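Worksheet for the structure shown next.
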Amino acid sequence: MTTKSHDHAAKAKQFISNPEKAHWHDEALWFIREKRDKQVHSLPEWERLRELASQIKAHTISKLGSYLVAFEEQATALGAQVHWAKDGEEHNRIVHGILKNHGVQRVVKSKSMLTEECHLNPYLEKQGIEVVDTDLGERIVQLRHEPPSHIVLPAIHIKKEEVGELFHEHLGTDQGATDPDYLTEAARHHLREKFMEADAGITGVNFAIAETGGIVICTNEGNADLGVSLPKLHIACMGLEKLIPRMEDLSIFIRLLARSATGQPITTYTSHFHGPIADGELHIVLLDNGRSALRLNRAFSEALNCIRCGACMNTCPVYRRSGGHSYSATVPGPIGSVLNPVQDAGTYHSLPFACSLCGSCTDVCPVKIPLHHQLLALRNHIRLKGHLAWGKKMTMTLAAGVLGSPFLFRFFGALARRVLKTFPGLMNNRFNTWGKQRDLPTPPVTSFASWYKKNRRGDGA
Amino acid sequence: MSSRDDILVQLRHSTPEEEAYPDLNESWTTYPDQIVKFQESVAGVGGHAVRLDSGVDLTETITRMEVYQATKKVASCSTHTRIENVSLDNISDPHALEDLDLFIADGSIGVAENGAIWLTDEKIPHRVALFITQHLILTVESRCIVHNMHEAYQQIATVRPGFGIFISGPSKTADIEQSLVTGAHGARSLTVFILD
């Protein structure tokens, strides 16, 4: 991505410069939130499931080392090969090494936010390997040379007219065609060719089971399954936090995942891989990339519970109105506003402020990550690290002084009531972003304190 | 030290206090008639579930279906019908199934809450048949339909090496403007026969 600025507000401004499209984006995501609610209300035990999911994750994270070793042992016994990568660079080297050993020229990849996090595609392309993203939304953004804007709905920011133009250029569909059925059919034929030609399939992982050594992948399109059932080589890339202890834990997580993500009772395909395909190879790459450090960060470690459903994005009033790209990060939205600045406060310092603290993300999170509490705590973390913008720092220092002194509070209150009536421009000007699209309310005649003294004092109420 | 050792050392270091593993044994939602609920759920995810009376012949029922009549290449790994003109046993390269029109297989569990059907590749020599086929027919015995995912996972807790999958409805996508389109990469239609 060629982003110069990581400032959320600046990028959001670009997004809302097209109010019609911004409104459409907002509505599209709210539609999914409503579908989610319908599914949730059909299950009386929803809150219990969330509670259990959160407990299972907390337990797993607390014993992550021994569960990873158990997983490795079981997976190896089933004939899979397990690799460990400290960071994205090592991850990419491992994946390329496996592909090189097999003389692979063409790879089909199903959706994996982890390989986005590691920037695997450009790395492999540089080595002369063709990588085709096979999830329809991911293929669309890949052809547009841009990153996904949402972790579950990668092309949620793109209109069908734009897809039509893109497919006309790359897949030879009719000019001006915008029918989703027609465009999806064209993509089906285009990607079938890619599936038939591929020498290897790369996938992400939704869950890895310590007890059995198996991995689970959930898709609706069937692209992961097609991609790893034709070639003999399957490389599955996963973050350390995808582990769960037992097979039966899936009964909790599978019930939560698709309902939270897209409002479906389950994804079309929930595939369980225990060992490689006959006469083939299965490689599982375990990636740390800051996860083991996050685990020791007590204030934010619950973010490791995340199962990447995207529900916090669909419900977030800021995400819906500013678009995924405004976060300049692989994982956007509320969870991204926690994960990214915890790792790199200097680059992502604006994200925890792209939040109204409404708490809706916390309410919908299927694994009970206290997202809005973490976002509030992060603001202080960013201040302590010295990344707070100058204007915010000044305003906060001034506000702390005035609000901390009854005398100054009374004095400035009285001053403001008198002066702002005549000169509202003192507050409502181009330097005060709160004044944009908002009118200053008419200042009251008296303060609440003096009104109370006059009207209520002494009546014993 | 290898990256494996580095990561494991970091994970063993000053572990947060250990959290207990919860007991998952609870009374989960059940339905008055799980077979009816299963049929509703399959319909809800874009499939079609038909209950076949014990006297009715499956092969004959399939031959009357529109998807069968338009079919050129059909394969079956079902023990209930051998209706097929290509046998997966005689194929060595799964790419040869590119033009498969219809595939029939047996599921071992049906789940009422979400219309999902569990099957493994134990009896399917090339699992790609499930995904590469244009249309898919699955069977499930009525006594194997459970209420919810907890009951389902209790039955598949002991895993054999290989591949197992829940399939719920036909392949679908909504990646273009949230318009639901069936037949993304996998089967364009799913018919489930519930056998007594």
Side-chain angles (χ1 to χ4, degrees), chain A residues 28 31 43-45 48 52 55-56 58-59 62-65 78 84-86 90 134 136-137 140 153 155 159-160 163 180-181 183-184 188 191 196 212 214 220-223 225-226 229-230 245 247-248 250-252 254-255 264-266 268-275 288 292 296 298 301, chain B residues 2-4 6-8 10-22 24 26 28-29 41 44-45 94-95 98 113-116 127-128 130-132 149-150 152-154 156-157 159-173 175-179 181 183-186:
Chain A
F31 169 70
L43 272 191
E45 59 256 42
R48 189 67 195 133
L52 286 169
Q55 285 174 15
I56 294 169
H59 167 78
S62 75
K63 294 180 64 178
L64 193 56
L78 291 168
W84 303 67
K86 264 195 278 195
E90 188 177 12
T134 54
L136 177 59
I140 292 169
L153 318 154
K159 303 274 287 182
K160 61 185 178 197
V163 178
D181 278 290
L183 295 172
T184 304
R188 177 183 171 101
L191 287 163
M196 292 302 289
T212 66
N220 280 318
E221 299 183 3
N223 53 321
D225 290 298
L226 261 178
S229 302
L230 285 167
M247 185 86 167
E248 65 170 320
L250 288 168
S251 62
I252 307 288
I254 299 297
R255 294 187 93 187
Q264 295 171 261
I266 185 171
T268 302
Y269 304 103
T270 306
S271 307
H272 304 55
F273 300 84
H274 283 90
D288 185 344
S292 60
L296 297 178
R298 299 296 290 274
S301 62
Chain B
S2 70
S3 292
R4 179 184 185 275
D6 281 348
I7 293 170
L8 286 175
Q10 166 96 334
L11 289 175
R12 276 172 190 150
H13 256 300
S14 56
T15 43
E17 60 220 74
E18 192 179 309
E19 307 273 348
Y21 180 84
L24 309 184
E26 304 201 3
W28 305 106
T29 294
S41 294
V45 294
H95 290 83
E98 185 183 8
E113 74 160 290
N114 54 23
R127 69 182 194 221
V128 77
L130 291 164
F131 314 108
I132 207 163
M149 292 299 279
H150 306 279
Y153 272 110
Q154 264 163 23
I156 53 181
V159 214
R160 52 173 276 282
F163 178 77
I165 185 169
F166 283 108
I167 296 180
S168 171
S171 162
K172 53 180 101 52
T173 185
D175 273 345
I176 301 176
E177 285 203 9
Q178 285 305 298
S179 306
V181 180
H185 295 300

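What's counted below: heavy atoms across the whole structure, side chains too, no hydrogens, waters or symmetry copies. None of the values given here were measured: they were computed from a predicted structure. Reminder, nothing fancy here: chain letters follow the sequence lines and each chain counts from 1.
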To check you understand the geometry: which heavy-atom pair defines the closest contact between [X] and [Y], and what is its length?
| X | Y | value |
| --- | --- | --- |
| Ser179(B) | Pro180(A) | OG-CG, 3.5 Å |
| Asn114(B) | Pro265(A) | CB-CB, 3.6 Å |
| Ser292(A) | Gln10(B) | OG-CG, 3.1 Å |
| Thr184(A) | Ala184(B) | CG2-CA, 4.4 Å |
| Gly186(B) | Tyr269(A) | CA-OH, 3.9 Å |

Let me know if [X] has heavy atoms under 4.5 Å from chain B in its side chain, its backbone, both or neither.
| X | answer |
| --- | --- |
| Ile56(A) | both |
| Ile254(A) | side chain |
| Arg255(A) | side chain |
| Ser271(A) | both |
| Gln55(A) | both |

message = Apply side-chain contact (heavy atoms from CB on, under 4.5 Å) to residues Asn220(A) and Thr173(B) and explain how you reach the verdict.
response = CA-CA 6 Å; Asn220(A) 280 318; Thr173(B) 185; over 6 Å; no
note = The interface call for Leu8(B) against chain A, heavy-atom contacts under 4.5 Å, is side chain
request  = Tell me, for Ala116(B) versus chain A, whether the close heavy atoms (under 4.5 Å) come from the side chain, the backbone, both or neither.
outcome  = side chain
remark   = Max heavy-atom pairs within cutoff under 4.5 Å with chain A, candidates Val45(B), Ile7(B), Asp6(B), goes to Ile7(B)
Who wins among [options] for the most heavy-atom pairs under 4.5 Å with chain B?
| options | value |
| --- | --- |
| Glu45(A), Arg188(A), Glu90(A), His274(A) | Arg188(A) |
| Leu64(A), Leu153(A), Leu250(A) | Leu250(A) |
| Ile252(A), Thr212(A), Leu78(A), Ile140(A) | Ile252(A) |

task = List the steps and the verdict of side-chain contact (heavy atoms from CB on, under 4.5 Å) for Ile167(B) and Leu130(B).
result = CA-CA 9 Å; Ile167(B) 296 180; Leu130(B) 291 164; 4.3 Å; yes
request  = Decide if atom CD of Glu26(B) counts as having more than 12 heavy atoms of other residues, nucleotides or ligands within a radius under 6.0 Å.
outcome  = yes
